[in-house]
Amino acid sequence: MGRGLLQGSIRKKLAILFLASALPAFAVIFLYGLQSREASIARSEEELLRFAAHVAAIQEKTTLSIKGLLENLPMLPEIRHGFAPASKQILDRALKTNPYIGAITLAKPDGRVIATTRQHAAANLAGSKHFQDALASRRFSPGEYLIGRLEPIPLFPFACPVLDDHGRVLGMLLASIPLENFDTLFESMQFPTGSFIGGCDHAGTRIFRYPATSAGPIGTPIRQPKYRAARSGGIDGVDTDVGTDGIERIVAFRNLRLDPDSPAYMSVFVGAPKSEVHAAAQREMLRNMGIFLSA
């Protein structure tokens, strides 16, 4: 049979010999194409991780700014001793210079409001997680998804104790970020079709999602597979998940902590449709294979 293939014109023989000699090269090209496809998918995942880290860094900067403000305010005697009128003036000025904060409040250790930048102060704030955590730890503490007691809007709050020279709690300073601020933050960013940015608190309650969707409103739990993936990971990671809209996505997450040994108080997620990522990798593979075949 081999002799039959080599019978005929010289042109036919040369063509057959060329194809036979090229088969190993074609095999190498095909394997290289598969490797380049996997490398392209890996690069896409790395880009999602970098984007998640960027979003987390923005929030961490905001958290550290609030922490610095609440830790420095007690240095003022009016705040430290709970003088209501003078404290309100100080808090109002602090709010004007920190417009990303929704409100600042000074409360007694039992939760009764001393002074606040809110219009209404008839509420006891001692029952909230951030208040109790700061009271127990004597340290700045993040909270969780919350509907404000002084103004009924969705918030992410923080608390910091006011201490005397012996470490006893004289009062509690509280500040919060209105969750609507996150939408403003992400509006200027460009996303591929079907992509999203989201975040949840320590308990898995959704605190932001852009673009917003009626299938996953703020204040509802995020999907448990996504929450478990974030909580079982370290600082960051990548997973796949089918969203409430039925789209399968590659999702990168990053956990935010006050320090390396503390639990995550927030997790951010960046997701891109798996079909888009794989299609881009397929196009790159075909382009690379075309170049090699042409050569």
Side-chain angles (χ1 to χ4, degrees), residues 59-182 201-203 205 207-208 218-219 256-259 262-263 265-266:
Q59 178 54 45
E60 286 173 335
K61 183 178 179 180
T62 301
T63 298
L64 290 175
S65 179
I66 293 175
K67 182 175 183 287
L69 174 66
L70 298 189
E71 289 179 343
N72 284 315
L73 281 175
M75 297 175 65
L76 301 172
E78 296 88 346
I79 296 292
R80 190 170 187 180
H81 298 295
F83 298 144
S87 293
K88 176 167 175 51
Q89 291 180 359
I90 292 170
L91 298 183
D92 286 340
R93 288 197 299 269
L95 187 63
K96 287 181 180 179
T97 57
N98 297 274
Y100 56 88
I101 298 176
I104 310 174
T105 299
L106 175 64
K108 294 183 178 181
D110 61 5
R112 288 178 295 167
V113 175
I114 297 172
T116 181
T117 58
R118 297 286 191 196
Q119 292 183 354
H120 305 288
N124 189 293
L125 308 178
S128 56
K129 175 185 182 297
H130 56 296
F131 194 107
Q132 291 298 320
D133 287 353
L135 192 65
S137 67
R138 305 293 200 272
R139 297 172 56 193
F140 173 81
S141 299
E144 59 189 0
Y145 171 84
L146 178 71
I147 297 295
R149 297 290 303 278
L150 301 180
E151 185 177 349
I153 61 174
L155 304 169
F156 192 87
F158 302 87
C160 187
V162 179
L163 306 175
D164 65 12
D165 294 336
H166 302 287
R168 292 173 297 198
V169 178
L170 300 174
M172 191 68 66
L173 281 163
L174 306 106
S176 56
I177 304 172
L179 296 185
E180 63 182 16
N181 287 5
F182 286 104
D201 66 10
H202 73 102
T205 302
I207 56 176
F208 63 87
I218 303 304
L256 282 70
R257 294 177 170 87
L258 289 180
D259 56 70
S262 63
Y265 66 89
M266 186 185 295

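Note that the structure is predicted; figures quoted are calculated from it, not measured.
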All pairs passing salt bridge (charged side-chain N to carboxylate O under 4.0 Å, His left out) where residues 90-104 contributes a residue, at least two apart
K88-D92

For Y145, the ring pair (Phe, Tyr, Trp, His ring centres under 6.0 Å) test, sequence neighbours excluded, returns none

Distance from I104 atom CD1 to R118 atom CZ, nearest 0.5 Å?
10.5 Å

Out of curiosity, L91 CG to I79 CD1, how far, rounded to the nearest 0.5 Å?
4.5 Å

Rounded to the nearest 0.5 angstrom, the CG-CG distance for L170 and L163 is 7.0 Å

Tell me whether Q132 contacts the main-chain N or O of G127 through its side chain, where contact means a donor paired with an acceptor under 3.5 Å.
no

Reported CZ-to-CG distance for the pair F131 and L174, which is rounded to 0.5 angstrom
6.5 Å

For N72, the side-chain contact (heavy atoms from CB on, under 4.5 Å) test, sequence neighbours excluded, returns M75

Could you label the plane-to-plane angle of the Y265 and F156 rings as parallel, tilted or perpendicular, counting under 30° as parallel and over 60° as perpendicular?
tilted

State the CG-CD1 distance between L95 and I90, to the nearest 0.5 angstrom.
14.0 Å

Under the side chain to side chain donor-acceptor pair (under 3.5 Å) rule, collect the residues that match up with Q89, sequence neighbours excluded.
none

Return the set of residues passing side-chain contact (heavy atoms from CB on, under 4.5 Å) with A84 (not counting sequence neighbours), or none when no residue passes.
I114

If the condition is side chain to side chain donor-acceptor pair (under 3.5 Å), which residues does R168 pass it with, not counting sequence neighbours?
D164

Considering residues at least two apart in sequence or located in another chain, which fulfil the ring pair (Phe, Tyr, Trp, His ring centres under 6.0 Å) criterion with F182?
F208

Closest non-hydrogen contact found for T97 with A94 is OG1-O, 2.9 Å

Which residues share a salt bridge (charged side-chain N to carboxylate O under 4.0 Å, His left out) with R138, sequence neighbours left out
none

Side chain to side chain donor-acceptor pair (under 3.5 Å) against E60, all qualifying residues, sequence neighbours excluded:
none

Student check: side-chain heavy atoms of L106 and L73 closer than 4.5 Å
no

Could D110 and R112 be called an ion pair, given the rule that one side-chain N must be under 4.0 Å from one carboxylate O?
yes

Contacts of E180 that satisfy side-chain contact (heavy atoms from CB on, under 4.5 Å) - sequence neighbours left out:
P178

For P157, which residues count as a side-chain contact (heavy atoms from CB on, under 4.5 Å) partner, sequence neighbours excluded?
H130, L146, S176

Residues that D133 engages under salt bridge (charged side-chain N to carboxylate O under 4.0 Å, His left out), provided they are two or more places apart:
K129

